[in-house]
Amino acid sequence: TTEAFVELEDVHIEGTRFPGGAYEHAEGLSVMLSSQAAAQRVALSGNVGAGAVVTSGSSLRLEDVTVSDTIARNDAIRDGYGLHATDGGELIVMRGEVEGSRVCAALGELEATVSLEDVVLRDTESIVSSAEIGGGFCLVAGASAVLRRALLENNYLTGVLVRDAGSIL
């Protein structure tokens with residue numbers, strides 16, 4: 001659906017998988033195609049690819065969210081993000097905890113806008129096959145972000161990564 005608005009409260013989304021087999025994209029919460037979503041008191045656990053993703057000019061606002069144990073599609077692919085904003089998407093998080101992701105607990109890329117306030121980003125693991133990345137917060141490819149009152153702990157390689165021209169933290 002394009003240009004939809006969805007509001008969620010007191011929801012737990014767990015173990016979302018691609019119906020055709022293991023390790024295809026199957027985000028717990030996906031907002032795309034100029035849509036808007038707002039969620040309060042949401043738990044996202046054990047999802048493949050991303051716990052939550054916002055893309056294509058869409059907006060996602062999360063309050064009181066926990067994201068845990070996001071799984072990469074396979075050991076060679078760079079995903080398994082707890083929270084992912086891409087391609088002009090807007091992600092706003094007020095009070096959140098993200099733990100046990102692969103690559104980045106929270107990622108902003110490709111001109112996305114990210115605002116994280118009162119968040120904990122912890123225990124991010126690397127990609128198994130290459131032992132690369134594993135950041136708490138990653139901002140790349142021209143994305144912009146605001147990070148306020150954040151705790152980043154026990155992340156593999158880096159707490160905060162800002163990379164590429166146009167990326168602004």
Side-chain angles (χ1 to χ4, degrees), residues 8 11-16 25-31 37-55 58-73 75 77-87 89-128 130-164 166-169:
L8 304 170
V11 175
H12 186 166
I13 301 172
E14 181 175 2
T16 305
H25 265 287
E27 297 91 359
L29 177 57
S30 182
V31 183
Q40 298 176 358
R41 297 175 305 280
V42 173
L44 306 166
S45 60
N47 296 294
V48 174
V53 64
V54 58
T55 185
S58 297
S59 176
L60 173 60
R61 180 181 178 91
L62 299 170
E63 295 182 21
D64 303 311
V65 61
T66 61
V67 182
S68 61
D69 303 319
T70 305
I71 303 164
R73 286 181 284 167
D75 290 340
I77 295 178
R78 296 177 70 170
D79 68 3
Y81 314 118
L83 301 169
H84 186 192
T86 187
D87 193 24
E90 178 186 39
L91 173 65
I92 300 166
V93 177
M94 305 286 292
R95 297 175 307 279
E97 184 172 337
V98 182
E99 61 184 9
S101 299
R102 290 281 180 185
V103 185
C104 296
L107 169 66
E109 66 174 349
L110 300 173
E111 301 180 5
T113 302
V114 179
S115 176
L116 305 177
E117 191 168 319
D118 299 315
V119 296
V120 176
L121 307 174
R122 75 172 103 206
D123 300 327
T124 302
E125 298 292 331
S126 69
I127 300 169
V128 175
S130 64
E132 67 175 310
I133 314 246
F137 181 61
C138 305
L139 190 67
V140 300
S144 61
V146 174
L147 188 59
R148 289 190 182 98
R149 293 182 302 278
L151 172 64
L152 295 99
E153 64 180 0
N154 299 324
N155 294 298
Y156 186 85
L157 287 184
T158 188
V160 176
L161 169 69
V162 180
R163 189 189 76 202
D164 303 321
S167 297
I168 301 169
L169 178 61

Check against side chain to side chain contact (heavy atoms under 4.5 Å, CB included), Leu83 and Val98: CA-CA 8 Å; Leu83 301 169; Val98 182; 3.8 Å; yes
Of the options Leu107, Val53, Leu60, Thr113, which is the one that meets Leu91 in a side chain to side chain contact (heavy atoms under 4.5 Å, CB included)?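 Per the side chain to side chain contact (heavy atoms under 4.5 Å, CB included) rule, the option paired with Leu91 is Leu60, out of Leu107, Val53, Leu60, Thr113.
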Test side chain to side chain contact (heavy atoms under 4.5 Å, CB included) applied to Arg61 and Gln40, Glu90, Met94, the passing residue: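 Result for side chain to side chain contact (heavy atoms under 4.5 Å, CB included) with Arg61: Met94.
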Cut-off 3.5 Å, side chains only: do Ser68 and Glu99 have a donor facing an acceptor?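 The answer is no; no qualifying pair exists.
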Do His84 and Glu27 have side-chain atoms, one donor and one acceptor, less than 3.5 Å apart?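 Distance-only check fails for His84 and Glu27.
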Nearest atoms (heavy-atom pairs only) where Ala106 meets Leu116: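 Shortest heavy-atom contact: CB-CD1, 4.0 Å.
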Quick check: closest heavy atoms across Asn155 and Leu121, and the distance to 0.1 Å?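 Taking every non-hydrogen atom into account, ND2-O, 3.1 Å.
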For the pair Arg95 and Glu63, evaluate salt bridge (Lys or Arg N to Asp or Glu O under 4.0 Å) and give the outcome as yes or no after the intermediate values. CA-CA 6 Å; Arg95 297 175 307 279; Glu63 295 182 21; 3.6 Å; yes
If you measure from [atom1] on [X] to [atom2] on [Y], what distance do you get to the nearest 0.5 Å?
| X | Y | atom1 | atom2 | answer |
| --- | --- | --- | --- | --- |
| Leu62 | Arg41 | CG | CZ | 12.5 Å |
| Thr124 | Tyr81 | OG1 | OH | 12.0 Å |
| Leu44 | Asp69 | CG | CG | 11.5 Å |

Evaluate the side chain to side chain contact (heavy atoms under 4.5 Å, CB included) criterion for residues Val31 and Thr55: first the C-alpha distance (whole Å), next the side-chain angles of each, then the deciding distance (0.1 Å), finally the verdict. CA-CA 6 Å; Val31 183; Thr55 185; over 6 Å; no
Give a yes or no on whether the backbone of [Y] and the side-chain of [X] come within a donor-acceptor separation of less than 3.5 Å.
| X | Y | result |
| --- | --- | --- |
| Ser101 | Gly82 | yes |
| Asn47 | Thr70 | no |
| Ser58 | Val54 | no |

Give the C-alpha distance, both sets of side-chain angles, the deciding distance and a yes or no for side chain to side chain contact (heavy atoms under 4.5 Å, CB included) between Leu8 and Leu29. CA-CA 10 Å; Leu8 304 170; Leu29 177 57; 4.0 Å; yes
Derivation and outcome, side chain to side chain contact (heavy atoms under 4.5 Å, CB included), residues Arg122 and Glu97: CA-CA 8 Å; Arg122 75 172 103 206; Glu97 184 172 337; 3.3 Å; yes
Show every donor-acceptor pair shorter than 3.5 Å between a side-chain atom in residues 137-150 and any protein atom, with sequence neighbours excluded, or say none if there are none.
| unit_1 | atom_1 | unit_2 | atom_2 | d |
| --- | --- | --- | --- | --- |
| Arg149 | NE | Asp118 | OD1 | 2.7 |
| Arg149 | NH2 | Glu117 | OE2 | 2.6 |
| Arg149 | NH2 | Asp118 | OD2 | 3.4 |

